[in-house]
Amino acid sequence: MNIFNRYRNIIEKSVKDLSAAGALPAGLDVSRLTVEPPRDPAHGDVSTNAAMVLAKPAAMKPRELAELIAQRLREAEEIDAVEVAGPGFINLRLAESVWHQCLEAAIGLGSSYGDSDHGGGRQVNVEYVSANPTGPLHIGHARGTVFGDVLASLLEKAGYAVTREYYVNDAGAQVDSLARSAYLRYREALGREIGEIPEGLYPGEYLKPIGRELADMKGDKWLDAPETDWLAEIRTFTVESMMALIREDLAALGVHHDVFTSERELVESGMVDEVFKTLDAEGHIYTGTLEPPKGKTPEDWEPRPQTLFRATEFGDDVDRPLKKSDGSWTYFASDIANHLDKFRRGFADMIDVWGADHAGYVKRMQAAVNAISGGDGALDVKICQLVRLTDRGQPVKMSKRGGSFVTLRELVDEVGPDIVRFHMLTRTNDAQMDFDLSAVVEGGKDNPVWYVQYASARCHSVRRMAAATFPNHDMSLSALARAPISCLTDEAELGLIKSIAGWPRAIEAAADAHEPHRIAFFLYDMAALFHTLWTKGKEDPSLKFVIEEDEELTMARQALVRGVETVIASGLGIFGIEPVEEMR
RNA sequence: GCGCCCGUAGCUCAGCCGGAUAGAGCACAGGAUUCCUAAUCCUGGGGUCGCAGGUUCGAAUCCUGCCGGGCGCGCCA
């Protein structure tokens, strides 16, 4: 339960009551009204801009209106003080009992604390990774992979029905090159001299086992056969093998998709033709010639009539080609089919997670979704900017030969999945970031994962200490929910409780914005509050979590500690990370 | 040339669909440890929020134009 929603209701009701009483006009629009914690805690617990937003339509001065609303609010229960401040803010100071109830509710819920029905069970499709099945995942895929997976978890937590999807680009020319590369390895496995892998094919070592498998299965059947004999079969086999490899890499990172959609199947099923016919029937397709891009004309540019989608009618900058010169579909054409397929499967809300190099593709895809869904589908594209891999501040060379980090798997093996998963989200997705191999595994408060885990470890340490001091006391969550938490009145204690109480709101806000990194910052901030309270107990022994002479107070503080634990576990759960009980 | 992203303290970055004196970490200076993990905590200095306009009760946040950096720009995916 997001506590700020409760006060939003109370404030809106006050406004309605004033309207009913004739003090304000009827039917005021409250959609721009905000109810949130003020930036400065000295201003109170809850702040609203109601008076400033409604002043104009009510034809009143903001502060006068604020005072009118404030008078109503003063009659509400569990509000200790109502102040009008600044240009017309109304600040509420809540009774301590409100916060105590929040803590009680949090530990009562345990790991499900923060779960929300905010999304109302609406279906959301999150498509991420979608790397070409031409080799193992590399470092450049790491950020989008983690981002998509954690965003999906976040949306689930916020009450959406989420499907994790991977679009397999198994139809274009690249998978033909892949098949030819595998064929060379097949010949190699049978003792033929293949020399250097030609330009345009895939030279990676990972295709050697594929070649051997093909040799084992087929013998010399294709050794001197023409391409038409083997291409399709080797392509299918190799793509499947690559997808198996990619799934293993993803599993090592803790990532599992629900649906893998094949581009080839979309094409073969006629979905792309259908998209074309539909768009054509609605007049969104024509044959025309595009202008060459200014400033960077390709060397082999020649004007050529193409089959174009009128993307400009839906907000794009230029119209986009649907067919290649050989008559086959462009990637864009089949990706439209992909999104139509998703839309038809019930996903009006779609999210795609792409790398920065695909940013120029966003508008056309959104235009297409608009066109094929009649405006009923919404596509949000989250672009993950580049990650620069460093080690002690020095850039790590990504050469394929040097044995340095090239693959996602190597990164995961080096620093562990938890660190990759958390650290990739310590920055907004649309800003570039550095990932420093040595810094991310070091302890210290500048390492967010470590700092949050340290708070978790301290929670468990206190828990162990309390159990040793009061061995006969029931400290189960249900017992602690009945602890006398009203005796937690120190400012630092209340601050921590308020942070715990703010967790559901943080989930909803992060989910609405499609910004999982906010969860990382929330956890870091709460860990800081906890570490501060810990140290206060060192300076003032009466604030220690375990007080030998006061069993009741100790239980109340155990409840607080379990509240912190609950939020950390709940939050790390979104990242797919287990909280630690000890630092070793 | 065009599009997208970024520009906030010396450095790395937050800033919640506009809100009240702009926040953290690192670095720097000082301080807290017979006491639940000091890998922590506290105090301090340090900012024309790239620049210039605009929108309004109010702008780091929204709009426009510049400047600087990154990514991308027909028949690749």
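So you know, we letter chains A, B, ... as the sequences are listed, proteins then strands, and number each from 1. Predicted model, so just to flag it, every value in this text is computed and none were measured.
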Please name all residues satisfying side-chain contact (heavy atoms from CB on, under 4.5 Å) with A:Asp326, sequence neighbours left out, ordered by chain then number.
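Listed in chain order: A:Lys324, A:Ser328.
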Determine whether a donor-acceptor pair (N or O, by modelled atom type, separation under 3.5 Å) exists between the side chain of A:Tyr202 and the backbone of A:Ala182.
no
Treat a base pair as Watson-Crick or G-U wobble with both distances under 3.5 Å, then lay out RNA chain B in dot-bracket form, 5' to 3', with | for cross-strand pairs.
(((((((..((((.....[...)))).(((((.......))))).....(((((..]....))))))))))))....
Per the atom types in the model, does the base of B:C16 pair as donor or acceptor with the side chain of A:Arg518 at under 3.5 Å?
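For A:Arg518, whose side chain was compared with the base of B:C16, there is no donor-acceptor pair (under 3.5 Å).
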Nearest to side-chain heavy atoms of [X], which nucleotide of [options]:
| X | options | answer |
| --- | --- | --- |
| A:His517 | B:G15, B:A77, B:A38 | B:G15 |
| A:Tyr524 | B:G25, B:C71, B:C16 | B:G25 |
| A:Lys324 | B:C76, B:G19, B:C36 | B:C76 |
| A:Lys363 | B:G15, B:G3, B:C75 | B:G3 |
| A:Tyr454 | B:U56, B:G74, B:U40 | B:U40 |
| A:Gln174 | B:G70, B:G74, B:A77 | B:A77 |
| A:Asn49 | B:A38, B:A14, B:G19 | B:G19 |

Donor on one side chain, acceptor on other, [X] and [Y], under 3.5 Å:
| X | Y | value |
| --- | --- | --- |
| A:Glu263 | A:Ser334 | yes |
| A:Asp335 | A:Asn338 | yes |
| A:Asn2 | A:Glu508 | yes |

Would you indicate, yes or no, if B:A38 has its OP1 or OP2 atom less than 4.0 angstrom from a side-chain nitrogen or oxygen of A:Lys538?
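Answer is yes, contact under 4.0 Å.
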Check whether any side-chain N or O of A:Trp534 sits under 4.0 Å from OP1 or OP2 of B:A38, and answer yes or no.
yes
Which is more 5' along RNA chain B, the nucleotide nearest A:Val53 or the one nearest A:Arg32? Just name the residue.
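Its nearest nucleotide being more 5', the pick is A:Val53.
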Name the residue closer to the 5' end of RNA chain B, choosing between A:Glu581 and A:Ser130 according to the nucleotide with the nearest heavy atom.
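On the 5' side of the pair lies A:Glu581.
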Enumerate all atom pairs, one protein N or O and one N or O from nucleotides 41-45 of chain B, separated by less than 3.5 Å.
{"residue": "B:C41", "atom": "OP1", "partner": "A:Lys445", "partner atom": "NZ", "Å": "3.4"}
{"residue": "B:C41", "atom": "OP1", "partner": "A:Tyr451", "partner atom": "OH", "Å": "2.3"}
{"residue": "B:C41", "atom": "OP2", "partner": "A:Lys445", "partner atom": "NZ", "Å": "3.0"}
{"residue": "B:C41", "atom": "O4'", "partner": "A:Thr535", "partner atom": "OG1", "Å": "2.9"}
{"residue": "B:C41", "atom": "O3'", "partner": "A:Thr532", "partner atom": "OG1", "Å": "3.4"}
{"residue": "B:C42", "atom": "OP1", "partner": "A:Thr532", "partner atom": "OG1", "Å": "3.2"}

What distance, rounded to whole Å, do you find between the two [atom1] atoms, one in [N] and one in [M]?
| N | M | atom1 | answer |
| --- | --- | --- | --- |
| B:A60 | B:A9 | P | 15 Å |
| B:U40 | B:G45 | C1' | 23 Å |
| B:G65 | B:A27 | C1' | 38 Å |

Can you confirm if the aromatic rings of A:Trp329 and A:Phe276 lie within a centre distance of less than 6.0 Å?
yes
Donor-acceptor contacts, no H, no angles, side chain residues 34-45 of chain A, under 3.5 Å, sequence neighbours left out:
{"residue": "A:Thr34", "atom": "OG1", "partner": "A:Asn49", "partner atom": "OD1", "Å": "3.3"}
{"residue": "A:Thr34", "atom": "OG1", "partner": "A:Asn49", "partner atom": "ND2", "Å": "3.2"}
{"residue": "A:Asp40", "atom": "OD1", "partner": "A:Ala42", "partner atom": "N", "Å": "3.0"}
{"residue": "A:Asp45", "atom": "OD1", "partner": "A:Lys498", "partner atom": "NZ", "Å": "2.8"}
{"residue": "A:Asp45", "atom": "OD2", "partner": "A:Leu94", "partner atom": "N", "Å": "2.8"}

Strictly below 4.0 Å, N to O, side chains only: are [X] and [Y] in salt-bridge contact?
| X | Y | result |
| --- | --- | --- |
| A:Asp352 | A:Lys342 | yes |
| A:Lys536 | A:Asp490 | yes |
| A:Lys363 | A:Asp317 | yes |

Using distance only, find each side-chain donor-acceptor pair of residues 526-533 of chain A under 3.5 Å and give its atom names and separation, not counting sequence neighbours.
{"residue": "A:His531", "atom": "ND1", "partner": "A:Arg458", "partner atom": "NH1", "Å": "3.1"}
{"residue": "A:His531", "atom": "NE2", "partner": "A:Tyr451", "partner atom": "O", "Å": "3.4"}
{"residue": "A:Thr532", "atom": "OG1", "partner": "A:Ala528", "partner atom": "O", "Å": "3.0"}

Using the six-membered ring of A:Phe332, assess whether NZ or CZ of A:Arg320 lies under 6.0 Å from its centre and within 45 degrees of the ring axis.
no
Scan residues 422-438 of chain A for pairs that pass salt bridge (Lys or Arg N to Asp or Glu O under 4.0 Å), counting only residues two or more places apart or in two chains.
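Residue pairs passing salt bridge (Lys or Arg N to Asp or Glu O under 4.0 Å), neighbours aside: A:Arg388-A:Asp434.
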Please list, one pair per line, the donor and acceptor atoms closer than 3.5 Å that link side chains of residues 284-292 of chain A to other protein atoms, with sequence neighbours excluded.
{"residue": "A:Tyr286", "atom": "OH", "partner": "A:Asp319", "partner atom": "OD2", "Å": "2.5"}

Listing time: all N or O pairs from protein to nucleotides 20-23 of chain B that are below 3.5 Å?
{"residue": "B:A20", "atom": "OP2", "partner": "A:Arg39", "partner atom": "NH1", "Å": "3.3"}
{"residue": "B:A20", "atom": "N6", "partner": "A:Ser47", "partner atom": "OG", "Å": "2.8"}
{"residue": "B:A20", "atom": "N6", "partner": "A:Asn91", "partner atom": "OD1", "Å": "2.8"}
{"residue": "B:A20", "atom": "N1", "partner": "A:Asn91", "partner atom": "OD1", "Å": "3.3"}
{"residue": "B:A20", "atom": "N1", "partner": "A:Asn91", "partner atom": "ND2", "Å": "2.8"}
{"residue": "B:U21", "atom": "O4", "partner": "A:Asp40", "partner atom": "OD2", "Å": "2.5"}

Under 4.0 Å, heavy atom to any atom of RNA chain B: which of residues 327-340 of chain A qualify?
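When residues 327-340 of chain A is checked for heavy atoms under 4.0 Å from RNA chain B, the hits, listed by number, are A:Tyr331.
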Among residues 425-434 of chain A, which ones have heavy-atom contacts with RNA chain B below 4.0 Å?
A:Arg427, A:Thr428, A:Asp430, A:Gln432
Which heavy-atom pair separates A:Ser325 from A:Arg304 by the least distance, and what is that distance?
CB-NH1, 3.7 Å
For residues 50-69 of chain A, which residue pairs qualify under side-chain hydrogen bond (donor to acceptor under 3.5 Å, both in side chains), counting only residues two or more places apart or in two chains?
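Sorted result for residues 50-69 of chain A: A:Glu67-A:Arg74.
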Under the ring-ring contact (aromatic ring centres under 6.0 Å, His included) test, which residues partner A:Phe575, sequence neighbours left out?
A:Phe422
